[in-house]
Amino acid sequence: MRRARVIRMLTSLAVFALACDSSAGGTDPGTTLDPGGAVDPGGAPDVIEDVAGPDAVEDAVSLDIEPTDPGRPEVAEDLPQEAGTEDSGSTDEGGADSEPDFDDIVQEYPPRSLPFEFTRPARGVPIPEQDVTEFTKAIAAAYKEIGYFRWLLRTSTGVDHTTGTADYLAWHNDIRAVKEGDLVTFDHRGGEHNMWIPGSIILSSVMNGYLLTGDWEMARLTEQYCKGLTAVVKGFVWGDDDPAPYLMARAIFPMDHEFTMDADFWKDDGRRKAHKFSTMYHEEHGWNAHTFAWPNNPTWGSIWITNMRSKDDVRAISRTSTFLPYVVEDAPDAWVRDACLETWQTMQAFHKDIVDNEYFIRTKGADGVAYRVPCDDQDLGSYSCYVDIDPTNECCARLSADMIAYGERRTNECGTCTGSIYDGFASITHYYNIPIIWDYHMAGVGTSLVARQYRDAWYALVGLAERIDRYMHPAADEPGTKDARWNRDMAMVLVQAASMGLPLTAYEARHVQQYWRNTADELRAWGYWDLWDEDVPDGEYRVRPPNTNTAVEVEAFAVLFEYCNSPFKNPAGAAFVDCEVLAEPSTW
């Protein structure tokens with residue numbers, strides 16, 4: 001029996017590898033590589049001259065169409081060492097922190113600091129304080145120069161308040177912008193299988209940025225993206241008496257509408273904008289998701305949805321949920337606080353359904369009836385398919401669901417959330433499995449800290465340090481590290497891990513800075529931040545700049561705010577950003 005289950009696990013993971021690949025062959029699974037763009041992340045034109053229709057536009061983030069491998073170069077670029085920041089030995093070798101006396105720790109809710117000391121051996125050459133400040137000023141200047149947060153407000157899509165129905169914004173991957181005179185229409189052309197991977201990064205960045213700065217643009221983004229995350233639950237309700245009202249769709253496709261971005265609500269100049277969802281009003285039936293009509297939704301009426309929400313981006317949603325209680329507690333604007341309170345309560349209920357259903361992410365069919373996707377079919381909707389093989393398989397995923405839903409662990413002890421059989425097999429099966437693992441690991445740390453479950457948090461943080469050490473200084477056979485995306489992805493993961501209490505080394509801090517500098521340079525060079533500009537001719541355009549492997553993805557550019565506002569940032573970590581500079585937008 002055990003042998004049969006191991007074989008099933010390997011088979012499921014192989015299938016999962018197909019699910020996690022991109023329809024574009026060499027594109028970047030799990031990211032927002034220009035939806036519908038060319039395979040080469042830097043090679044597609046900004047103006048799209050000839051698109052025949054929805055079938056001609058690839059769903060670049062569906063991750064579940066074509067079983068191709070994105071390719072793994074023999075040697076991954078190690079840019080920090082190229083920049084002259086050799087991986088030098090530490091002058092203070094340090095040592096493992098002793099286990100804290102957890103019973104002696106007392107914090108109010110939500111906690112405002114890391115509840116214990118946690119250090120790592122020093123590594124690399126520290127960055128001078130002045131250099132940290134100058135780096136931060138350069139990144140802040142880029143936010144201002146390109147109008148990053150105003151751009152997010154203008155190009156995110158959803159339902160506008162002028163419709164008289166529940167309004168929201170979200171990050172959709174599968175869209176094209178069509179300009180006709182002074183009107184820009186955002187046309188949705190794909191199933192949006194994993195839109196809440198980048199969407200969660202945006203929400204975490206702007207809500208922490210808003211709390212740090214008080215900036216109005218980030219306040220409106222926080223409110224709208226909180227509503228956007230709530231929307232994929234609200235939109236998945238079937239009628240007024242749905243017995244499972246807190247399940248989550250992959251995506252919802254509401255009504256087409258046109259509006260102006262006015263001075264009152266948007267603090268904008270009256271530019272005309274349209275959201276076109278009707279391009280997706282047709283049935284699609286994949287082995288891992290289906291798109292169909294959803295005629296009885298109490299919030300938006302007759303809409304369309306894509307079902308089978310999976311751990312592909314629940315891992316990002318769970319991680320971002322770490323910070324929702326702080327917006328609820330600290331938001332100075334009631335309209336932001338109220339929106340995010342509903343989101344926090346919705347995420348608690350959504351995760352409670354997962355826990356109460358043996359860690360299955362339930363979905364619904366076209367008849368509105370809730371069901372589990374069985375493990376023998378696929379494992380995309382469960383954290384428990386392999387528990388009988390190894391109780392620590394996907395343990396941090398279960399742990400984070402427990403903490404969000406109940407504020408305490410209900411699964412087995414997870415220890416360090418490292419070393420499971422699942423980690424080993426999933427990581428070598430496909431690159432995209434590795435981000436799922438590291439996101440759930442960070443979610444386990446962060447949600448345990450918020451819930452004041454100190455033992456679970458401390459051991460998971462010990463494991464996170466081990467994981468990052470292994471990723472940044474890998475053995476020759478460490479999965480993923482030879483992928484061309486690895487160093488770019490590490491830059492973002494390092495900042496996110498630091499937000500969860502991991503103290504970065506100087507070597508890691510330099511890695512972060514290099515990739516953020518590259519990103520600022522590349523984003524400044526892109527010429528389509530304002531599609532309404534009179535110098536931009538009519539036509540069809542990509543909505544976002546193309547991704548490259550030398551810069552973090554555009555949705556991650558502001559994740560520095562998450563770190564700066566995190567209550568868990570560790571004073572033992574190497575400095576890489578000047579949070580006082582970021583906190584004062586007037587100085588940018």
Side-chain angles (χ1 to χ4, degrees), residues 35 54 57 59 61-62 152-178 183-196 198-200 202-203 220-221 223-240 242 245-261 265-266 272-284 289-309 313 317 339 342-343 346 350 363-368 543:
V57 181
D59 181 359
V61 195
S62 67
L152 285 173
L153 283 170
R154 289 171 173 168
T155 60
S156 299
T157 56
V159 174
D160 192 68
H161 70 103
T162 55
T163 64
T165 62
D167 60 310
Y168 73 89
L169 287 178
W171 179 287
H172 285 80
N173 297 305
D174 305 322
I175 54 177
R176 288 293 181 186
V178 181
L183 174 67
V184 177
T185 299
F186 292 83
D187 190 1
H188 298 70
R189 300 180 180 180
E192 296 294 358
H193 287 198
N194 293 296
M195 58 185 285
W196 277 101
S200 295
I202 292 293
L203 176 55
R220 183 61 82 191
L221 283 165
E223 178 229 20
Q224 289 290 296
Y225 267 75
C226 272
K227 289 181 175 182
L229 185 52
T230 306
V232 284
V233 175
K234 275 186 174 180
F236 206 29
V237 175
W238 178 274
D240 294 323
D242 190 333
Y246 291 109
L247 306 190
M248 188 182 292
R250 282 184 181 257
I252 65 171
F253 304 100
M255 61 287 196
D256 294 350
H257 57 288
E258 180 185 328
F259 57 97
T260 60
M261 300 193 74
F265 188 87
W266 294 110
R272 296 172 62 213
K273 180 180 179 183
H275 295 167
K276 183 180 180 182
F277 290 98
S278 58
T279 306
M280 279 305 299
Y281 291 0
H282 59 272
E283 291 192 2
E284 293 183 357
H290 313 290
T291 299
F292 44 76
W294 195 249
N296 301 311
N297 183 249
T299 303
W300 292 287
S302 181
I303 63 175
W304 285 67
I305 61 97
T306 298
N307 73 347
M308 293 175 69
R309 172 75 284 134
D313 57 357
I317 293 167
E342 183 181 21
T343 305
T346 301
F350 167 66
T363 192
K364 298 172 187 175
D367 57 0
V543 175

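Scope of the values below: all heavy atoms of this structure, side chains included, with no hydrogens, waters or symmetry mates. All values derive from a computational prediction rather than experimental measurement.
The salt bridge (charged side-chain N to carboxylate O under 4.0 Å, His left out) check on Lys227 picks up Asp167, Glu223, with sequence neighbours excluded. Take Thr306 and apply the side chain to side chain donor-acceptor pair (under 3.5 Å) test, not counting sequence neighbours, and it matches Thr291. Thr346 pairs by the side-chain contact (heavy atoms from CB on, under 4.5 Å) definition with Thr230, Val233, Tyr246, Glu342, not counting sequence neighbours. Thr165 pairs by the side-chain contact (heavy atoms from CB on, under 4.5 Å) definition with Val159, Thr163, Met255, Trp300, not counting sequence neighbours. In this structure, the side chain to side chain donor-acceptor pair (under 3.5 Å) partners of Asp256, at least two apart in sequence or on a different chain, are Ser278. Lys364 meets the salt bridge (charged side-chain N to carboxylate O under 4.0 Å, His left out) test with Asp242; sequence neighbours excluded. Applying the ring-ring contact (aromatic ring centres under 6.0 Å, His included) rule to Phe259 yields the partners His257, His275; only residues at least two apart in sequence or on another chain are considered. Under the rule for a salt bridge (charged side-chain N to carboxylate O under 4.0 Å, His left out), Asp160 has no partner lying at least two apart in sequence or in another chain. By the side chain to side chain donor-acceptor pair (under 3.5 Å) test, Asp313 is found to be paired with Arg309, residues two or more places apart in sequence or in another chain being considered. Taking the side-chain contact (heavy atoms from CB on, under 4.5 Å) definition, one finds that Ala170 meets it with Tyr168, His172, Met195, Trp196, sequence neighbours left out. Considering only residues two or more places apart in sequence or on other chains, Phe236 meets the ring-ring contact (aromatic ring centres under 6.0 Å, His included) condition with Trp294.
Going from atom CG of Asp187 over to atom CZ of Arg176 covers 10.5 Å, rounded to the nearest 0.5 Å. A distance of 10.0 Å separates CG in Asn194 from CG in Asp174, rounded to the nearest 0.5 Å. Of the inter-residue distances, the one linking Arg272 atom CZ with Thr260 atom OG1 reads 9.5 Å to the nearest 0.5 angstrom.
Taking both residues in full, the closest heavy atoms of Gly191 and Ala251 are given as O-CB, 3.8 Å, listed atom of the first, atom of the second, then distance. Here the closest heavy-atom approach between residue Ser156 and residue Lys273 is recorded as O-NZ, 2.6 Å. For the residue pair Ala231 and Ile252, the shortest heavy atom distance occurs at O-CD1, 3.6 Å. Between Trp266 and Leu169 the shortest heavy-atom distance is CH2-CD1, 3.8 Å.
In this structure, Asn307 contributes its side chain and Gly365 its backbone to no donor-acceptor pair below 3.5 Å. For His188 (side chain) and Lys276 (main-chain N/O), a donor-acceptor pair under 3.5 Å exists by modelled atom type.
The cationic atom of Arg220 (NZ for Lys, CZ for Arg) lies less than 6.0 Å from the six-membered ring centre of Phe265 and within 45° of the ring axis.
Contact of the Trp304 side chain with the Pro295 side chain is not registered, since no non-hydrogen atoms from C-beta on lie closer than 4.5 Å. Looking at heavy atoms from C-beta onward, Asn297 lies in side-chain contact with Val237 at the 4.5 angstrom threshold. For the pair Leu152 and Trp171, the minimum side-chain heavy-atom distance is below 4.5 Å.
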After noting the C-alpha distance and the side-chain angles of Glu192 and Arg250, does the key distance pass the salt bridge (charged side-chain N to carboxylate O under 4.0 Å, His left out) rule? CA-CA 7 Å; Glu192 296 294 358; Arg250 282 184 181 257; over 6 Å; no
Going through the distances and angles, do Ile305 and Phe253 end up as a side chain to side chain contact (heavy atoms under 4.5 Å, CB included)? CA-CA 6 Å; Ile305 61 97; Phe253 304 100; 5.6 Å; no
Using side chain to side chain contact (heavy atoms under 4.5 Å, CB included), reason through Thr343 and Tyr225 one step at a time and then give a plain yes or no. CA-CA 9 Å; Thr343 305; Tyr225 267 75; over 6 Å; no
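By the neighbour-count criterion of 12 heavy atoms within 6.0 Å, atom CG of Asp240 is sparsely surrounded, having that number or fewer from other residues, nucleotides or ligands.
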